[in-house]
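First the structure, in the form of structure tokens, and then the observations on it.
Quick note: numbers below take in every heavy atom, side chains included, and nothing from hydrogens, waters or symmetry partners. We name chains A, B, ... by the order of the sequence lines, and we start the count at 1 in each one.
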Number of protein chains: 2
Amino acid sequence: MKRDVFQAIADPTRRAIIALVAIQAMTPNAIAAHFDTSRQAVSKHLRILTECELVQQEQRGREIYYSLEIHKMKEIDDWLEQYRKIWEKRFDQLGELLEVMKEKKV
Amino acid sequence: MKRDVFQAIADPTRRAIIALVAIQAMTPNAIAAHFDTSRQAVSKHLRILTECELVQQEQRGREIYYSLEIHKMKEIDDWLEQYRKIWEKRFDQLGELLEVMKEKKV
DNA sequence: GACACGTGCAACCGTTTGGTTGCATAATGT
DNA sequence: ACATTATGCAACCAAACGGTTGCACGTGTC
């Protein structure tokens with residue numbers, strides 16, 4: 001089953017995990033300590049995040065450190081780009097509107 | 001059941017609908033013509049998109065025109081902001097690295 | 001070697017999701 | 001008035017999701 005980034009960030013727990021490993025690499029156990037779910041549930045989330053390459057593993061002894069793969073987050077940003085153009089355009093139009101209003105002294 | 005924006009954009013069909021209504025306001029029928037699912041399925045997606053205020057309805061006679069609520073897309077952008085800082089920082093560090101490499105003529 | 005620790009995986013389970021079909025309702029055209 | 005069109009809603013269904021528990025496996029520690 002193929003998962004994409006958007007599905008990965010849909011779950012609030014996964015977004016929280018992303019926020020955690022963005023700051024520093026963490027082990028599943030350490031991550032699970034932040035939630036009131038089981039370690040295995042967190043492990044499942046990490047599996048999904050790994051599958052769509054949002055996080056990276058690094059084995060150190062018997063511990064595995066997970067860290068954020070930031071370029072995948074940029075992928076979301078790239079998708080947003082097309083819409084950013086729209087809201088910036090709207091903002092420009094607002095600027096124009098304000099200009100017109102100023103000229104007409106409304 | 002409360003739905004958030006991230007769950008709304010998780011579905012590929014919904015992202016396609018967003019892309020459609022971003023260009024111009026469209027009726028459910030017109031939107032459904034772009035997909036090989038039933039009109040009712042599209043209607044369900046529109047319901048979800050409306051619930052989390054990603055699209056806007058405008059009744060015109062017996063037709064309902066749906067259009068994108070662009071400020072909600074900006075909400076996703078706001079969430080991304082914290083991570084944008086990270087990848088821009090990485091980019092800066094890459095710049096520094098390149099500087100060092102140039103100085104040392106590696 | 002024996003044991004505890006850190007982790008992933010499989011099996012199971014209730015809930016949600018995304019789809020279908022059928023129907024009700026309101027606006028339009030004849 | 002009557003048929004047609006545009007739409008939403010309810011009921012149903014298979015598949016996926018997110019969680020649990022139990023277990024297996026590799027790694028350190030004694």
Side-chain angles (χ1 to χ4, degrees), chain A residues 1-21 23-69 72 76, chain B residues 1-21 23-69 72 76:
Chain A
M1 56 192 83
K2 195 87 168 100
R3 282 210 193 72
D4 61 14
V5 189
F6 297 99
Q7 208 171 344
I9 63 167
D11 187 79
T13 306
R14 280 199 288 272
R15 285 202 301 280
I17 292 177
I18 288 174
L20 282 176
V21 298
I23 304 170
Q24 57 182 345
M26 290 177 76
T27 66
N29 255 334
I31 295 169
H34 286 77
F35 305 96
D36 50 358
T37 66
S38 70
R39 179 191 57 76
Q40 284 92 334
V42 171
S43 196
K44 268 193 170 185
H45 284 304
L46 285 170
R47 190 183 194 283
I48 292 172
L49 291 173
T50 308
E51 267 177 16
C52 53
E53 298 171 299
L54 263 169
V55 298
Q56 215 171 10
Q57 307 180 18
E58 190 202 342
Q59 186 108 25
R60 256 184 261 171
R62 64 182 163 187
E63 294 179 329
I64 301 177
Y65 283 83
Y66 286 86
S67 57
L68 186 62
E69 192 99 62
K72 267 285 169 177
I76 304 168
Chain B
M1 60 192 81
K2 196 90 169 95
R3 282 210 191 70
D4 61 14
V5 188
F6 296 98
Q7 207 171 347
I9 63 166
D11 186 80
T13 306
R14 280 198 289 269
R15 286 201 301 280
I17 291 178
I18 289 174
L20 282 175
V21 299
I23 304 172
Q24 57 182 346
M26 290 178 75
T27 66
N29 255 332
I31 295 170
H34 285 78
F35 303 97
D36 50 359
T37 67
S38 70
R39 178 191 57 76
Q40 285 92 334
V42 171
S43 196
K44 269 193 169 185
H45 284 303
L46 285 171
R47 190 182 194 285
I48 292 171
L49 291 173
T50 307
E51 266 177 18
C52 54
E53 299 171 299
L54 261 168
V55 299
Q56 212 172 10
Q57 307 180 19
E58 189 201 342
Q59 186 108 25
R60 256 184 261 171
R62 64 181 164 188
E63 294 179 329
I64 300 178
Y65 283 82
Y66 287 85
S67 57
L68 186 62
E69 192 100 59
K72 268 284 169 179
I76 304 168

OP1, OP2 of C/dG8 versus side-chain N and O of A/Y66: anything below 4.0 Å? yes
Tabulate below the donor-acceptor pairs under 3.5 Å that side-chain atoms of residues 54-68 of chain B make, not counting sequence neighbours, or state none.
from: B/Q59; atom 1: NE2; to: B/G61; atom 2: O; distance (Å): 3.2
from: B/E63; atom 1: OE1; to: B/Y65; atom 2: OH; distance (Å): 3.1

Across all chains, not counting sequence neighbours, the side-chain hydrogen bond (donor to acceptor under 3.5 Å, both in side chains) partners of B/N29 are none
Residues from residues 26-38 of chain B sitting under 4.0 Å of DNA chain D, heavy atoms only? B/T27, B/P28, B/N29
Mind calculating the distance between CD (A/E51) and C1' (D/dC17) to the nearest angstrom? 13 Å
So, using salt bridge (Lys or Arg N to Asp or Glu O under 4.0 Å) as the criterion, who are the partners of A/R47 when residues are at least two apart? A/E51
Need the bend value for the helix from C/dG1-D/dC30 to C/dT30-D/dA1: angle between end axes, 5 pairs each end, nearest 10°. 20°
Between A/A8 and A/L49, which heavy-atom pair has the shortest distance, and what is it? CB-CD2, 4.2 Å
Round to a whole Å and report the spacing from CD of B/E58 to C1' of D/dA6. 16 Å
Of the listed nucleotides (C/dT17, C/dG19, C/dT7), which one gets closest to any side-chain atom of A/I64? C/dT7
Nearest heavy atom decides the nucleotide; on that basis, is B/L46 or A/H45 closer to the 5' end of DNA chain D? B/L46
List in chain and number order the residues that pass salt bridge (Lys or Arg N to Asp or Glu O under 4.0 Å) with B/E53, two or more places apart in sequence or in another chain; answer none if no residue qualifies. B/K72
Please state whether the phosphate of D/dA16, meaning OP1 or OP2, lies under 4.0 angstrom from any side-chain nitrogen or oxygen of A/Q7. no
Side-chain N,O (A/R14) to OP1/OP2 (D/dG18) below 4.0 Å: yes
Could you pull out the protein-nucleic contacts involving nucleotides 9-12 of chain C (nitrogen or oxygen on both sides, under 3.5 Å)?
from: C/dC9; atom 1: OP2; to: A/R47; atom 2: NE; distance (Å): 3.4

Got a sec, which pairs hit side-chain hydrogen bond (donor to acceptor under 3.5 Å, both in side chains) with one end in residues 34-46 of chain B, sequence neighbours left out? B/R14-B/H45
Mind checking if A/Q57 touches a base, just sugar-phosphate, or nothing, with heavy atoms under 4.0 Å? nothing
Rounded to the nearest 0.5 Å, how far apart are CD1 of A/I18 and CD1 of A/I9? 7.0 Å
Quick tally for nucleotides 25-30 of chain C: nucleotides whose base has a protein heavy atom under 4.0 Å get B, sugar-phosphate-only ones S, the rest -, giving --BB--
Nearest heavy-atom neighbours spanning A/Q7 and B/A10: CA-CB, 4.1 Å
Going by the rule side chain to side chain contact (heavy atoms under 4.5 Å, CB included), which residues pair with B/A30 if we only count those two or more places apart in sequence or in a different chain? B/M26, B/T27
Distance check needed: D/dA16 P versus A/D11 CG, whole Å only. 18 Å
Could you tell me the separation between the CZ atom of B/F6 and the P atom of C/dT16, rounded to a whole number of Å? 21 Å
